[in-house]
There are 2 protein chains.
Amino acid sequence: MIKGKDGTVIPKVVIERLPRYYRYFDWLDNQGEKISSKNLGDLMGSSASQVRLDLSYFGDFGQQGYGYNIKKLKSELAKILRINSRTNTIIIGVGNVGRALTRYKPFSSSGIYISALFDIKPSIIGEMVNNIMVHDIKNLAEYVTVNNIEIAIMAVPKEIANEIASSLVKCGIKGILNFAPLDLDLRNKIPVENIHIIDKILALSFMIKERPE
Amino acid sequence: MIKGKDGTVIPKVVIERLPRYYRYFDWLDNQGEKISSKNLGDLMGSSASQVRLDLSYFGDFGQQGYGYNIKKLKSELAKILRINSRTNTIIIGVGNVGRALTRYKPFSSSGIYISALFDIKPSIIGEMVNNIMVHDIKNLAEYVTVNNIEIAIMAVPKEIANEIASSLVKCGIKGILNFAPLDLDLRNKIPVENIHIIDKILALSFMIKERPE
DNA sequence: TAGATTGTTAATCGATTAACAATC
DNA sequence: TAGATTGTTAATCGATTAACAATC
């Protein structure tokens with residue numbers, strides 16, 4: 001239960017919309033000084049009411065008769081999402097997905113710093129992948145503590161995902177971004193966000209089949 | 001508006017849960033003959049009511065006093081999600097993400113067949129990436145028609161994403177899986193699913209900050 | 001048959017939108 | 001000041017859960 005400015009619970013849907021607001025304010029940054037909830041809603045395809053209510057969970061950022069100051073909102077949202085402070089992150093699993101993530105540019109401009117990689121496979125332990133060292137998964141707990149790691153990105157086979165996830169929790173990891181195609185069984189001990197590529201493309205596959213011409 | 005078994009509209013949330021049901025039935029496949037909505041719900045962390053109502057949009061798959069036959073449900077869901085029929089797909093953008101997706105194994109076992117890659121960069125056009133040819137984006141329209149391509153996966157810079165998206169629509173592409181970090185402006189002409197990696201990790205970043213110890 | 005469990009309708013819950021007083 | 005637009009509360013809408021008759 002995450003609380004907002006006056007102690008009310010912020011719905012998860014609202015939290016998950018926050019980065020989207022940030023994207024729009026980032027884009028608006030060189031497009032003018034201010035924007036009203038009406039205009040922003042039109043831009044984002046949502047209602048002015050939703051814009052105002054969503055933002056109001058985090059603070060009173062607007063001004064009557066004026067709207068929202070773009071620079072200010074961008075900086076407030078950056079603070080809320082911790083975009084300008086470094087979030088130490090590790091990637092577990094140095095396969096196809098794990099390797100691609102080491103090259104994923106947008107992380108750095110979002111404060112996400114990939115500190116190390118972990119794998120079980122002896123042949124790649126000690127290797128450097130895009131200037132990031134591959135560590136033995138055995139040393140996970142120590143590394144996480146010593147280096148103050150907050151987020152783990154899991155890119156491991158689904159067969160070992162739950163085992164890895166529970167050891168991450170034991171290590172004191174604060175949140176997991178999971179790419180393995182299963183739902184981790186963590187009983188809400190720590191927040192998890194899933195990226196289920198196959199789920200998305202299959203939903204699409206269903207929707208295009210059913211579309212009238 | 002996608003309609004279910006008796007013409008009622010299927011909510012989008014339900015469609016997006018379908019692949020998840022498939023994952024569970026796939027896993028259950030060697031775990032017994034039948035399962036009740038109660039047991040499945042416990043497994044998935046949802047209510048028995050939700051399981052029954054969700055599945056009922058697509059057909060009457062259960063039997064009173066028995067539950068759902070696992071093999072049957074798996075095969076029904078496979079049919080609904082077109083897992084066993086080939087869905088011709090192209091990837092636009094041969095950068096870090098596009099290349100990684102050519103190596104993404106789970107596609108093939110979900111019926112997703114990556115037929116070709118497209119890019120603007122002359123230096124890579126004609127190259128083979130993991131046995132898939134990189135084509136000139138200029139030839140998109142012809143290729144899509146001739147090869148009966150249904151889905152395009154977009155892994156292009158956000159600056160050109162909307163332009164590419166609208167040409168995809170013109171080509172007759174039926175659906176888009178978008179990895180570019182923006183919301184495509186398609187006015188619901190065709191279905192789009194987004195994979196916003198940064199949005200997910202930023203939401204996580206917010207949630208871990210706010211968690212009580 | 002009796003117990004189990006479905007599919008569906010009704011009740012509840014939560015999220016979105018509308019309305020509006022406050023005020024820049 | 002008058003017009004614009006906020007933040008918030010009330011009304012509405014949609015999704016989830018509970019209840020239950022049907023029936024295997």
Side-chain angles (χ1 to χ4, degrees), chain A residues 1-18 20-21 24-25 28 32-74 76-77 80 203, chain B residues 1-18 20-21 24-25 28 32-74 76-77 80 203:
Chain A
M1 291 290 119
I2 292 171
K3 308 279 181 60
K5 70 178 186 209
D6 48 358
T8 54
V9 173
I10 308 174
K12 191 150 187 257
V13 281
V14 174
I15 294 171
E16 287 175 340
R17 277 198 293 263
L18 266 188
R20 190 157 175 263
Y21 285 104
Y24 279 88
F25 277 102
L28 282 165
E33 175 202 304
K34 64 188 173 80
I35 192 164
S36 68
S37 57
K38 172 73 171 63
N39 290 161
L40 183 57
D42 288 349
L43 204 61
M44 296 180 68
S46 48
S47 70
S49 288
Q50 184 169 83
V51 166
R52 293 203 298 279
L53 193 54
D54 281 356
L55 295 176
S56 78
Y57 282 103
F58 303 92
D60 294 350
F61 302 129
Q63 198 175 334
Q64 285 108 321
Y66 173 88
Y68 299 90
N69 180 281
I70 290 167
K71 284 236 176 312
K72 183 181 169 218
L73 249 284
K74 183 185 165 184
E76 292 285 356
L77 288 169
I80 292 167
Chain B
M1 292 291 121
I2 291 171
K3 307 278 181 64
K5 70 178 186 210
D6 48 359
T8 53
V9 172
I10 307 174
K12 189 150 189 257
V13 281
V14 174
I15 294 172
E16 288 175 340
R17 277 198 293 264
L18 266 189
R20 191 155 174 264
Y21 285 104
Y24 280 87
F25 278 101
L28 283 165
E33 176 202 303
K34 63 189 174 76
I35 192 164
S36 68
S37 57
K38 172 72 171 63
N39 290 161
L40 183 57
D42 289 349
L43 204 61
M44 296 180 68
S46 48
S47 70
S49 289
Q50 184 170 82
V51 167
R52 293 203 298 279
L53 193 55
D54 281 357
L55 295 176
S56 78
Y57 282 103
F58 303 93
D60 295 351
F61 301 129
Q63 197 175 335
Q64 285 108 322
Y66 172 89
Y68 298 90
N69 179 281
I70 290 168
K71 284 237 176 314
K72 184 183 169 215
L73 248 286
K74 185 186 165 185
E76 292 286 356
L77 289 169
I80 292 166

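Here is how names work: the chains are called A, B, and so on, in the same order as the sequence lines, proteins then strands, and each is numbered from 1.
Taking atom CD of A/Glu16 as the reference point, atom C1' of C/dG14 lies 15 Å away to the nearest angstrom. Going from atom CZ of B/Phe58 over to atom P of C/dG7 covers 13 Å, rounded to whole Å. Atom CG of B/Asn69 and atom P of C/dT6 are 13 Å apart (whole Å). Atom C1' of nucleotide C/dG7 and atom CD1 of B/Ile10 are separated by 16 Å, given to the nearest angstrom. Rounding to whole angstrom units, CG of residue A/Leu55 and P of D/dT5 are separated by 16 Å. Between the C1' atom of D/dA15 and the NZ atom of A/Lys12 lies a distance of 17 Å, rounded to the nearest Å. Whole-Å rounding puts the B/Asp54 CG to C/dG7 P distance at 12 Å. Atom CE in A/Met44 sits roughly 12 Å away from atom P in C/dT16 (whole-Å rounding).
The salt bridge (charged side-chain N to carboxylate O under 4.0 Å, His left out) analysis of residues 57-71 of chain A, with sequence neighbours excluded, yields the pairs A/Lys5-A/Asp60, A/Asp29-A/Lys71.
Residue contacts for B/Lys34: at a heavy-atom cut-off of 4.0 Å it reaches no nucleic acid atom on any strand shown. Using a 4.0 Å heavy-atom criterion, one finds that A/Phe61 contacts the sugar-phosphate atoms exclusively.
For the pair B/Asn69/B/Phe61, no side-chain contact is recorded, criterion being any heavy-atom separation below 4.5 Å from C-beta on. Under the 4.5 Å side-chain criterion, counting only non-hydrogen atoms from C-beta, B/Tyr21 is in contact with B/Met44.
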In 5'-to-3' order, the base (B), backbone-only (S) or no-contact (-) status of each nucleotide in nucleotides 17-24 of chain C, using a 4.0 angstrom heavy-atom cut-off, is BBBB-BBB
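Remark: A/Lys38 pairs with A/Asp42 by the salt bridge (Lys or Arg N to Asp or Glu O under 4.0 Å) rule, at least two apart or across chains. Take B/Arg17 and apply the salt bridge (Lys or Arg N to Asp or Glu O under 4.0 Å) test, not counting sequence neighbours, and it matches B/Asp54. Residues forming a salt bridge (Lys or Arg N to Asp or Glu O under 4.0 Å) with A/Lys34 (at least two apart in sequence, or on another chain): none. For A/Ser56, there are no side chain to side chain donor-acceptor pair (under 3.5 Å) partners two or more places apart in sequence or in a different chain. For A/Lys72, there are no salt bridge (Lys or Arg N to Asp or Glu O under 4.0 Å) partners, not counting sequence neighbours. Partners of A/Gln64 according to the side chain to side chain donor-acceptor pair (under 3.5 Å) rule, which considers only residues two or more places apart in sequence or in another chain, do not exist here.
At D/dG7, one or more side-chain N or O atoms of A/Tyr68 fall inside 4.0 Å of OP1 or OP2 (strictly under the cut-off).
Here the nucleotide nearest the side chain of A/Val13, chosen from C/dT6, D/dT8, C/dA15, is C/dA15.
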Pairs counted only when both distances fall under 3.5 Å, Watson-Crick or G-U: show me the 5' to 3' dot-bracket for DNA chain D, [ ] for pseudoknotted crossings and | for other-strand partners.
..||||||||||||||||||||||
